[in-house]
Amino acid sequence: MNIIELKDIFASYGKKDVLNGISIEVRKNEIVSLLGPNGAGKSTLLKVISGFLKPKSGKIIFKNKDITNLKPWQRSRCGIVYLFQGGSIFENLTVIENLKLSNEKVDLSFDLFPELEKYKNTRAGLLSGGLKQMLSISLILLKDPELLLLDEPSAGLSPLLVEKLISKIKEINQKLGKTILLVEQNIIQALKISHRVYLMSSGKIIKESNEPATFLETEKFEKIFFET
């Protein structure tokens, strides 16, 4: 069953066209990766889904409801949350204060990210990059969403932390039953946990695969991604 479906989405920044007829679907309990070179329109697509950018045309259907004209806060109430690239936390508040702003029941965050509990009384701005991203993900999870839009969650992290964070995203999908649309710069790690993958280039979907594990082996993919 599709949790969200995009139908022929066109979007632009001013006069610059960025998305040119995007149609994708994400099924309930899937991790779907959205891959492509810089400038392909991946982050723009997440902004359109979350409501931060209004499409010029096309439809967004979430749980059989047309949400194309809903505001971001309305989509959040429907169950869609968006993790911006770089995350979003209140740096002047402690970890525990950040979490309690979203939900008093913070045990979920500490169960998923036990590292955070060790720093629960530390001001969030003093955390390492990895811990900040863990906190950012915790904050959106405490809203109990049905669909997570994750924009480059591992950006700026060391290879060891990237692998750890990707495994946590898999855990969020498998143990918490969350559906995830993932934009990730670490292609190999993303494909390891994905059920399906879309490849974007120049604002279009140019390929879809139900076999992410073998996706990197295609010559066409390598040419488009690495030479664009």
Side-chain angles (χ1 to χ4, degrees), residues 4 6 9 11 13 18-19 22 24 26 30-53 72 75-76 80-91 98 112-113 115-116 124-125 127-141 143 145 147-173 178-207 209 212 215-216 221-222 224-226 228:
I4 194 164
L6 277 65
I9 294 291
Y13 291 117
V18 182
L19 302 179
I22 297 286
I24 68 170
V26 180
E30 280 190 322
I31 298 177
V32 175
S33 280
L34 191 62
L35 304 177
N38 291 336
K42 305 183 298 295
S43 294
T44 300
L45 187 57
L46 295 190
K47 289 182 173 68
V48 168
I49 297 172
S50 58
F52 288 96
L53 179 65
R75 299 187 196 199
S76 180
I80 300 173
V81 295
Y82 177 29
L83 180 70
F84 290 86
Q85 188 172 347
S88 181
I89 60 175
F90 297 96
E91 297 204 349
N98 267 272
L112 186 64
F113 299 113
E115 300 92 335
L116 283 178
L127 298 175
S128 66
L131 288 171
K132 285 181 179 178
Q133 198 67 313
M134 292 176 193
L135 180 56
S136 294
I137 293 173
S138 294
L139 291 178
I140 63 173
L141 281 174
K143 297 178 181 179
L147 174 63
L148 280 70
L149 309 174
L150 304 183
D151 194 356
E152 303 280 11
S154 75
L157 302 184
S158 68
L160 183 62
L161 282 176
V162 168
E163 189 170 351
K164 185 171 187 177
L165 188 64
I166 293 295
S167 71
K168 291 295 182 180
I169 291 172
K170 181 178 180 179
E171 187 176 340
I172 289 167
N173 169 251
K178 303 301 181 183
T179 305
I180 298 168
L181 181 57
L182 175 65
V183 171
E184 175 54 50
Q185 63 178 359
N186 194 307
I187 311 164
I188 294 174
Q189 292 294 338
L191 292 177
K192 283 181 181 179
I193 64 169
S194 297
H195 298 95
R196 291 187 302 114
V197 58
Y198 288 100
L199 176 62
M200 286 187 68
S201 181
S202 301
K204 297 180 181 180
I205 299 295
I206 58 173
K207 189 170 183 179
S209 176
F215 200 53
L216 276 176
F221 174 82
E222 292 179 347
I224 290 171
F225 194 90
F226 295 109
T228 301

Taking side chain to side chain donor-acceptor pair (under 3.5 Å) as the definition, give me every residue that meets it alongside [X], ordered by chain and number, with sequence neighbours left out.
X: S138; value: none
X: E171; value: none
X: E30; value: R196

If you compare all heavy atoms of [X] against all heavy atoms of [Y], which two are closest, and at what distance to 0.1 Å?
X: V48; Y: R75; value: O-NH1, 2.8 Å
X: S43; Y: D151; value: OG-OD2, 2.9 Å
X: L19; Y: G41; value: CD2-O, 3.5 Å
X: G36; Y: L199; value: CA-CD1, 3.9 Å

Please work out which of the three classes, parallel, tilted or perpendicular, describes the rings of F52 and Y82, given edges at 30° and 60°.
tilted

Any donor-acceptor pair under 3.5 Å from [X] side chain to [Y] backbone:
X: N98; Y: F90; value: yes
X: K143; Y: I80; value: no
X: S76; Y: V81; value: no
X: Q133; Y: P153; value: yes
X: K168; Y: F113; value: no
X: Q185; Y: E152; value: no

Step-by-step side chain to side chain contact (heavy atoms under 4.5 Å, CB included) determination, L45 to L6:
CA-CA 10 Å; L45 187 57; L6 277 65; 3.3 Å; yes

Quick one: pull up [atom1] in [X] and [atom2] in [Y] and give me the separation to the nearest 0.5 Å.
X: E163; Y: K192; atom1: CD; atom2: NZ; answer: 5.5 Å
X: H195; Y: S209; atom1: NE2; atom2: OG; answer: 13.5 Å
X: I166; Y: I188; atom1: CD1; atom2: CD1; answer: 12.0 Å
X: I49; Y: I9; atom1: CD1; atom2: CD1; answer: 8.5 Å
X: I180; Y: N173; atom1: CD1; atom2: CG; answer: 5.0 Å
X: K178; Y: I172; atom1: NZ; atom2: CD1; answer: 9.5 Å

How about S33 and E184: does a side-chain donor come under 3.5 Å of a side-chain acceptor?
no

The single option from I22, T44, I24, V183 passing side-chain contact (heavy atoms from CB on, under 4.5 Å) against M200:
I22

L148 and side-chain contact (heavy atoms from CB on, under 4.5 Å): which partner among L83, L141, I169, I31?
L141

CD/E115: more than 12 non-hydrogen atoms of other groups inside 6.0 Å:
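Enclosed: over 12 neighbouring heavy atoms sit under 6.0 Å from CD of E115.
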
Inspect the contact between K132 and E91 and indicate whether a charged nitrogen and a carboxylate oxygen are less than 4.0 angstrom apart.
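Salt bridge flag = yes for K132 with E91.
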
Could you tell me if the side chain of N186 sits less than 4.5 Å from the side chain of L157, heavy atoms only?
no

